[in-house]
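Lettering follows sequence order; numbering is per chain, from 1. All of these numbers come straight from a predicted model, not from anything done at the bench. These values consider heavy atoms only, across backbone and side chains, with no hydrogens, waters or symmetry-generated copies.
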There are 2 protein chains.
Amino acid sequence: MTKPVVPDFRRTLTLRDVSEASGVSEMTVSRVLRNRGDVSDTTRERVLEAARRLGYVPNKIAGALASQRVNLVGVIIPSLSNMVFPEVMTGISDVLEDTGLQPVVGVTNYLPEREESVIYEMLSWRPSGLILAGLEHSEASQAMLAQAGVPVVEIMDIDGTPVDSAVGISHRRAGRQMAEAIVAAGYRRIAFLGTQMPNDHRAKKRLAGFEEALAREGLALADREFYSGGSALLKGREMTEAVLKRSPDVDFLYYSNDMIGAGGLLYCLAQGIDVPGRVGLAGFNGVELLDGLPRRLATMDACRLDIGRLAAEIIAGKRPDGIVGGEIIELSPTLQPGDTIRKV
Amino acid sequence: MTKPVVPDFRRTLTLRDVSEASGVSEMTVSRVLRNRGDVSDTTRERVLEAARRLGYVPNKIAGALASQRVNLVGVIIPSLSNMVFPEVMTGISDVLEDTGLQPVVGVTNYLPEREESVIYEMLSWRPSGLILAGLEHSEASQAMLAQAGVPVVEIMDIDGTPVDSAVGISHRRAGRQMAEAIVAAGYRRIAFLGTQMPNDHRAKKRLAGFEEALAREGLALADREFYSGGSALLKGREMTEAVLKRSPDVDFLYYSNDMIGAGGLLYCLAQGIDVPGRVGLAGFNGVELLDGLPRRLATMDACRLDIGRLAAEIIAGKRPDGIVGGEIIELSPTLQPGDTIRKV
DNA sequence: ATCTGTTATGTTACCGCTAACAGCCAGATC
DNA sequence: GATCTGGCTGTTAGCGGTAACATAACAGAT
């Protein structure tokens, strides 16, 4: 309603401004700024000088619309505070760095409906590819991904059917392997401590594989405890205390992630409990944090860096043999026994 | 060179496709999909049905170009693995959630030249605003930000001159306050342990403020130790060991962040060192992780959630009194004495 | 019957850039 | 001298939407 006090005299700059300032056509300016096509050195210099002097920043929106090319890769993850995704991101960035592609992160907070809208939002920018965590998505999400017309890589997990490509580990198998190692070390009264999150499918699969392997040995979980929210380290302490009080005869604690496992380890050490003699412990992920603990927690690394790398390579079309899509890459996590499982 | 094996029969969908499928003009479809302007209920239904059936996802690139409006906010931070930025992001997302704006994250790895290119890249998408960590930027970066023509909020720090708005704490003052508390508790032989990072200006300012306050009391740092890279928790242990061996008479360890502080605390406890009697400890940030430690490390929270919130409010034009730009908001971090400083 | 206002829809002209193609000109070739 | 290069630059026509401005259809008021 009120007239603007400050007139907007500084219109946003366009190619035309640079073109006028340097006395060549817009097309030539465009060519210079993108390093595409032949331009004489003198012209190039003049254009660059003008662009720099004016402080011109190209408008990628217009560029993308005209060229039908967008140098963005959507990366959709459940959470940033997880300690696991930063490393995946590092792998992705490493590979994309010299491809001209740029990752753009979206966070879903483990909510399928949130994921749906993030996918929609991302696709509406017509990215060159999509990387997203997990194989479980709403029907609408699946439909969008299938229609997207760009490479889609589902990461972290391979127990299921991907829309297009997948890079990850089998969490089911990871759970089995850990159970086998624990049983082999002579533990028998085993408890599980983990997240409550109904949508953390990977944790759920690990537990399923774990119980499956126990069953095969004629064993069942002796106890189980769940949490949600709050400081994972603290929750680990609290849950550990609760389980050990409730089931004093438990001799092994299997945690769904390293953070709560670390909390449990600190609790046991503080209580003077003999680890791994009286109680054994194991987590999952292989997070860097563990290196600083008084004792090395048994864990299983989830190949996060490699997962990021490979996913990015698929998007960037860098896979050997020029494989184009529909690739499923299973990585093998390695068990790191640390100091919290008895040696056999 | 080779002909594509699979013909691209599934062209990408446009408004025209939906328009034809529903028998109305493109404009009407556009109105329906954006919920703007009056459209009859029957038409709306028909359009939505067609859009859903076709799996149409609007092209925001074209939309943004035509409307000169981009619902993105660039957020530029030095690192994801820091534990400090996820919380800032949470604050930002909370506020932006119901404004139609969407955060887009860029990471600089503490490299000014990398920051420069991230800023350039972001501005080339003409976002509605920019939030970036710190007040120190290359000249070229400053120029771009000043020219950007959108709100720019520099966060975390207010010791310096912002380009436009700033929300943060005074790290210099935070350092001073901590030093005063330490001296007041009777400690005299104080050591500093921190990051080597030449570009972590905030850590540097904390140290400067810290030394300044010590000097005012006639004191100087008894020792100092720096690190770079690796697991912060582990580095904290190692540095602490090094310092205590080298300078056995040191009675306080001031860490530049909570993670290395936690490492130091674990080391001291494992060594049976009397904390806070023989040695006092303090960190910085107030990270959630600390809640799970055997003893509560003294720290200073950096108001990360509030910083994110306020920055987002400025971008979204939600500040009370309709303040528009050039706002500088200083928050006051609170000292959390924990259990690692002697009570006076 | 005409006027007015409201609601629902369509038309037109861009937004800022790039693909594709069309010139132009100096020097080489025949 | 005519033709043919190949390097450099310009012209034209969109890309897929949306703002702004018609227009149409119809109810109620005059």
Side-chain angles (χ1 to χ4, degrees), chain A residues 8 10-48 50-51 54-72 100 120-121 123-128 149, chain B residues 8 11-48 50-51 54-72 100 121 123-128 149:
Chain A
D8 192 357
R10 203 176 60 199
R11 304 173 308 96
T12 76
L13 296 166
T14 72
L15 270 190
R16 155 160 256 102
D17 296 292
V18 183
S19 135
E20 283 169 359
S22 55
V24 298
S25 71
E26 300 176 34
M27 195 58 224
T28 300
V29 176
S30 169
R31 280 195 269 255
V32 170
L33 295 177
R34 286 178 301 145
N35 265 322
R36 211 166 296 268
D38 301 316
V39 179
S40 74
D41 287 345
T42 52
T43 308
R44 174 185 311 282
E45 268 320 305
R46 228 154 16 113
V47 169
L48 285 176
L54 295 174
Y56 173 72
V57 177
N59 185 330
K60 286 223 172 160
I61 297 180
L65 184 60
S67 68
Q68 303 283 57
R69 233 179 314 226
V70 180
N71 67 336
L72 300 177
Y120 187 81
E121 194 76 14
L123 288 180
S124 74
W125 288 100
R126 302 289 188 268
S128 297
Chain B
D8 192 356
R11 301 175 310 96
T12 76
L13 295 166
T14 72
L15 270 190
R16 154 160 257 104
D17 296 293
V18 183
S19 135
E20 282 170 0
S22 55
V24 297
S25 72
E26 301 175 32
M27 195 60 224
T28 299
V29 177
S30 170
R31 279 195 270 256
V32 170
L33 296 178
R34 285 178 301 146
N35 266 319
R36 212 167 293 268
D38 301 315
V39 180
S40 75
D41 287 345
T42 51
T43 308
R44 174 184 311 283
E45 268 320 305
R46 225 148 24 107
V47 168
L48 286 176
L54 295 174
Y56 173 73
V57 177
N59 185 332
K60 286 224 170 159
I61 297 180
L65 183 61
S67 68
Q68 303 282 57
R69 232 178 315 226
V70 180
N71 67 336
L72 300 176
E121 195 74 15
L123 287 181
S124 74
W125 287 101
R126 302 290 188 267
S128 296

Under the salt bridge (Lys or Arg N to Asp or Glu O under 4.0 Å) test, residues paired with A/Arg34 that sit two or more places apart: none

Are [X] and [N] close enough that a side-chain N or O sits under 4.0 Å from OP1 or OP2?
X: B/Tyr56; N: D/dG17; result: yes
X: A/Ser30; N: C/dT18; result: yes
X: A/Ser25; N: D/dT11; result: no
X: A/Thr43; N: D/dT9; result: yes
X: A/Arg44; N: D/dT9; result: no

Using whole Å, report how far [atom1] of [X] lies from [atom2] of [N].
X: B/Arg31; N: C/dT9; atom1: CZ; atom2: P; answer: 9 Å
X: A/Arg36; N: C/dA20; atom1: CZ; atom2: P; answer: 12 Å
X: B/Arg16; N: D/dG16; atom1: CZ; atom2: C1'; answer: 11 Å

Given C/dA8, C/dA19, C/dG16, the nucleotide with the shortest approach to the side chain of B/Ser40: C/dA8

Touch class at under 4.0 angstrom, heavy-atom based, for A/Asn59 against every strand present: sugar-phosphate

Touch class at under 4.0 angstrom, heavy-atom based, for B/Arg34 against every strand present: sugar-phosphate

Neighbours of DNA chain D within residues 60-72 of chain A, by heavy-atom distance under 4.0 Å: A/Leu65, A/Ala66, A/Gln68

Partners meeting side chain to side chain donor-acceptor pair (under 3.5 Å) with B/Glu45 (sequence neighbours left out): none

